[in-house]
Each structure stands twice: as structure tokens, then as C-alpha cells.
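Only this structure's heavy atoms are used, side chains among them; waters, hydrogens and symmetry mates stay out. Atoms within a ligand are numbered from 1 in the order they appear, just like the ligands themselves. All residue numbers in this chain count up from 1 along the given sequence.
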Amino acid sequence: MSEPKIVILDNATALCAHAAEEIAYFAGEAVCTHGEFTLCLSGGTTPAAIYEMLGSKFQFSIAWKEIQLFWGDERCVPPDDPASNFAMTQRTLLSKLTLEPSQVHRIPGEKTPDDAAHAYEDELRSHFGLGEGEFPRFDVMLLGLGENSHTASLFPGSAAIHENERIALAVDVDDPTQRHRVTITPPVINNAARIFFLASGASKAQAVWNILKGPRDVDKFPAQVVAPDNGEVIWLLDKAAASMIA
Ligand code: 6PG
């Protein structure tokens, strides 16, 4: 894996604008080179402003009819639940676009966690035409970073951190508001062509240090597991989140 690239922006707004610009650029590159752009979205709150920008300022900069949207994780709740990552994306982005249902590959959080994980695996195998033991390769993947150094729904101490066969897994996480989730696994993350890690605010500074400068301990700092074999990692940080590394 090549060394991660670190981009430090003045503030959260500048971070989101930069991320939206990068997504628009790589969308154009992917559509030109292989006819579609597969984008794996992150949940949480950080990317919401990015999705808002993609659906407004960048709405006409992207060939949306060639876009395929996926999620890196989901809470096991209905798609209209306020805690749903799909619901957040629906509110901030999808509601402003006219994508075909076939372009939106949500994790069916309304199912039981195991059924949702298996259904999502089937969806990914079908879209990417995967054979046994193969993993999807996303053109761009967005990943957030939790204050406890988790990413997607790979939380400290989770066995999912060491999963190397499944594409998606049902997990129980140490988040009392949303214990039951579905997450993509490290081999999927590490097969991505380009990963943008998004972290803003002083509350993420320690986690950013843990991942980029801390001792190697993926069980304690799960986001350290992100090391694509043939892909690029770009950290998009605001000054507050980068305050312990720069
Ligand atoms: C989720 C996310 C999760 C998120 C981090 C950071 O479902 O919550 O996928 O991994 O990216 O927890 O969340 P914030 O952006 O809200 O700080």
C-alpha cells in the first residue's frame, strides 16, 4: 500500500467542498474509463454536508445516470428511520436527484441483521459479477472515523476486524443507540481503488493520531485495518481534527 495522502482544510465546510470536488472529479474519470462510477458512502454526520453539496452545487457536474451508490454500513433500522444512513442520504442527496432504483444499492436494514448482511452480499456479488472468494472494487469509498477509532461499523474489539472471507457482516457494536448494524469487511475496504477518510472537529484529533501515528493495534484502533492493496487512501481533515498530527 502507498503511504496515505493527508489533506488539511481550514474547516468542516472547506473539507466538505473539497470532498465533493474530488468525488465529482473521480466520477468523471470512472465514467470515462469504464462506463460507471461506483461510490460507497459513509454514514454518520460528517458526510451529510458533502451529500448536500453533491445534490446542489455539483448536481450538474456529475453524470448521475452512470452512478451506482452503495453504503459501507447501515444501522438495522427501517430505511425511513432517522438513525438510518440511507435515510440521511435520502434527505441530503437522493431527494434532489432522479436516480433509477437500480442505481441505489442500500443495505436492507429492515431485515434481521444476518439476513440484511447476506442480502447485501448477494447485491454486491450480482452488481460486480463476483465469483467465489472475490470482492467488489469500488471506484471511491468514503469512510468516517469514530472518536473510538472505528470506521464503517468495525468497532474496537470486534471479530469483524479480522474477517477475510465475508463481504458484509452483521455486527453488534458498542453504541447504545444503534447496537445492531451491517458493515462491509476489511477485504472489501482494502479492495477499493480510492478511499477518502473524512474527519472533522477537535473531538476526532486523538482518533486521527491513533490511526496515523499511534502504535499498531487494529483491535484497539480498527481504522488502522484500512490499507488497500492496490488503492489510494486520502485523509481529508480539517485543522481541528489534524491538530495532533500537524
Ligand atoms: C455510521 C458510520 C460511522 C461514522 C463514524 C463517524 O454508521 O455511524 O458509518 O462509521 O462514519 O461513526 O461518524 P460522524 O461523522 O457522525 O462523526
Peer 1: Checking the side chain of R216 only, and the main-chain atoms of Q224 only, is there a donor and an acceptor separated by less than 3.5 Å?
Peer 2: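 It does hold such a pair.
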Peer 1: Heavy-atom contact under 4.0 Å between K204 and ligand 1?
Peer 2: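 Contact check K204 vs ligand 1: positive.
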Peer 1: Considering only the protein, which heavy-atom contact is closest to atom 10 (O) of ligand 1, and what is its distance?
Peer 2: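 In this structure, atom 10 (O) of ligand 1 has A152 O, 2.6 Å as its nearest protein heavy atom.
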Peer 1: In terms of side-chain geometry, is the basic nitrogen of R75 or D175 positioned less than 4.0 Å from the acidic oxygen of its partner?
Peer 2: no
Peer 1: With atoms numbered from 1 as shown, which atoms in ligand 1 lie under 4.0 angstrom from a non-hydrogen atom of G144?
Peer 2: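 It comes down to these atoms of ligand 1: 11 (O).
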Peer 1: Under 4.5 Å between any side-chain heavy atoms of T183 and F155, yes or no?
Peer 2: no
Peer 1: For atom 13 (O) of ligand 1, what's the nearest protein heavy-atom neighbour? Residue, atom name and distance, please.
Peer 2: G44 CA, 4.0 Å
Peer 1: At less than 4.0 angstrom from any non-hydrogen atom of N85, what atoms of ligand 1 do you find?
Peer 2: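 Those of ligand 1 that fall under 4.0 Å from N85 are 1 (C), 7 (O).
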Peer 1: Nearest protein heavy atom to atom 6 (C) of ligand 1, by residue and atom, and its distance?
Peer 2: L145 O, 3.6 Å
Peer 1: Just so I know, are the side chains of F135 and I184 near enough to count as touching, which here means a heavy-atom distance under 4.5 Å?
Peer 2: no
Peer 1: Mind checking salt bridge (Lys or Arg N to Asp or Glu O under 4.0 Å) for E29 and listing every partner two or more places apart, or none if nothing turns up?
Peer 2: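 Here no residue qualifies.
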Peer 1: Tell me which one of V173, D175, T45 gets a heavy atom nearest to atom 14 (P) of ligand 1.
Peer 2: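 Heavy atom nearest to atom 14 (P) of ligand 1 belongs to T45.
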Peer 1: Answer yes or no: is there an ion pair linking E52 with K96, defined by an N-O contact shorter than 4.0 Å?
Peer 2: yes
Peer 1: Considering non-hydrogen atoms of the protein only, which is the closest contact for atom 8 (O) of ligand 1, and what is the distance?
Peer 2: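 Sorting protein heavy atoms by distance from atom 8 (O) of ligand 1 puts R75 NH2, 2.7 Å first.
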Peer 1: What residue and atom, counting heavy atoms only, is the protein's closest point to atom 15 (O) of ligand 1, and at what distance?
Peer 2: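 Ranking protein heavy atoms by distance from atom 15 (O) of ligand 1, first comes T46 OG1, 2.6 Å.
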Peer 1: Check ligand 1 against D73 and write out every atom of the ligand that is under 4.0 Å from a heavy-atom position of the residue.
Peer 2: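 With D73 as reference, the close atoms of ligand 1 come out as 1 (C), 2 (C), 7 (O), 9 (O).
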Peer 1: So, is S153 polar-close to ligand 1, with some N/O to N/O distance under 3.5 Å?
Peer 2: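 Checking ligand 1 against S153, no N or O pair falls under 3.5 Å apart.
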Peer 1: Should T151 be counted as touching ligand 1, given the test is an N or O pair under 3.5 Å?
Peer 2: no
Peer 1: Check the side chains of D139 and H34 for a donor-acceptor pair under 3.5 angstrom, ignoring hydrogens and angles.
Peer 2: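 There is such a pair between these side chains.
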Peer 1: Which residue supplies the protein heavy atom nearest to atom 5 (C) of ligand 1, what is that atom called, and how far is it?
Peer 2: H150 NE2, 3.4 Å
Peer 1: Taking the ring of Y25 and the ring of F58, is the distance between their centroids below 6.0 Å?
Peer 2: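 Here the rings of Y25 and F58 have centres that are no less than 6.0 Å from each other.
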Peer 1: Determine which pairs satisfy salt bridge (charged side-chain N to carboxylate O under 4.0 Å, His left out) with at least one residue from residues 156-172, sequence neighbours left out, and list them in order.
Peer 2: E121-R166
Peer 1: Measuring from the heavy atoms of R181, does anything fall under 4.0 Å of ligand 1?
Peer 2: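 Yes, R181 has heavy atoms under 4.0 Å from ligand 1.
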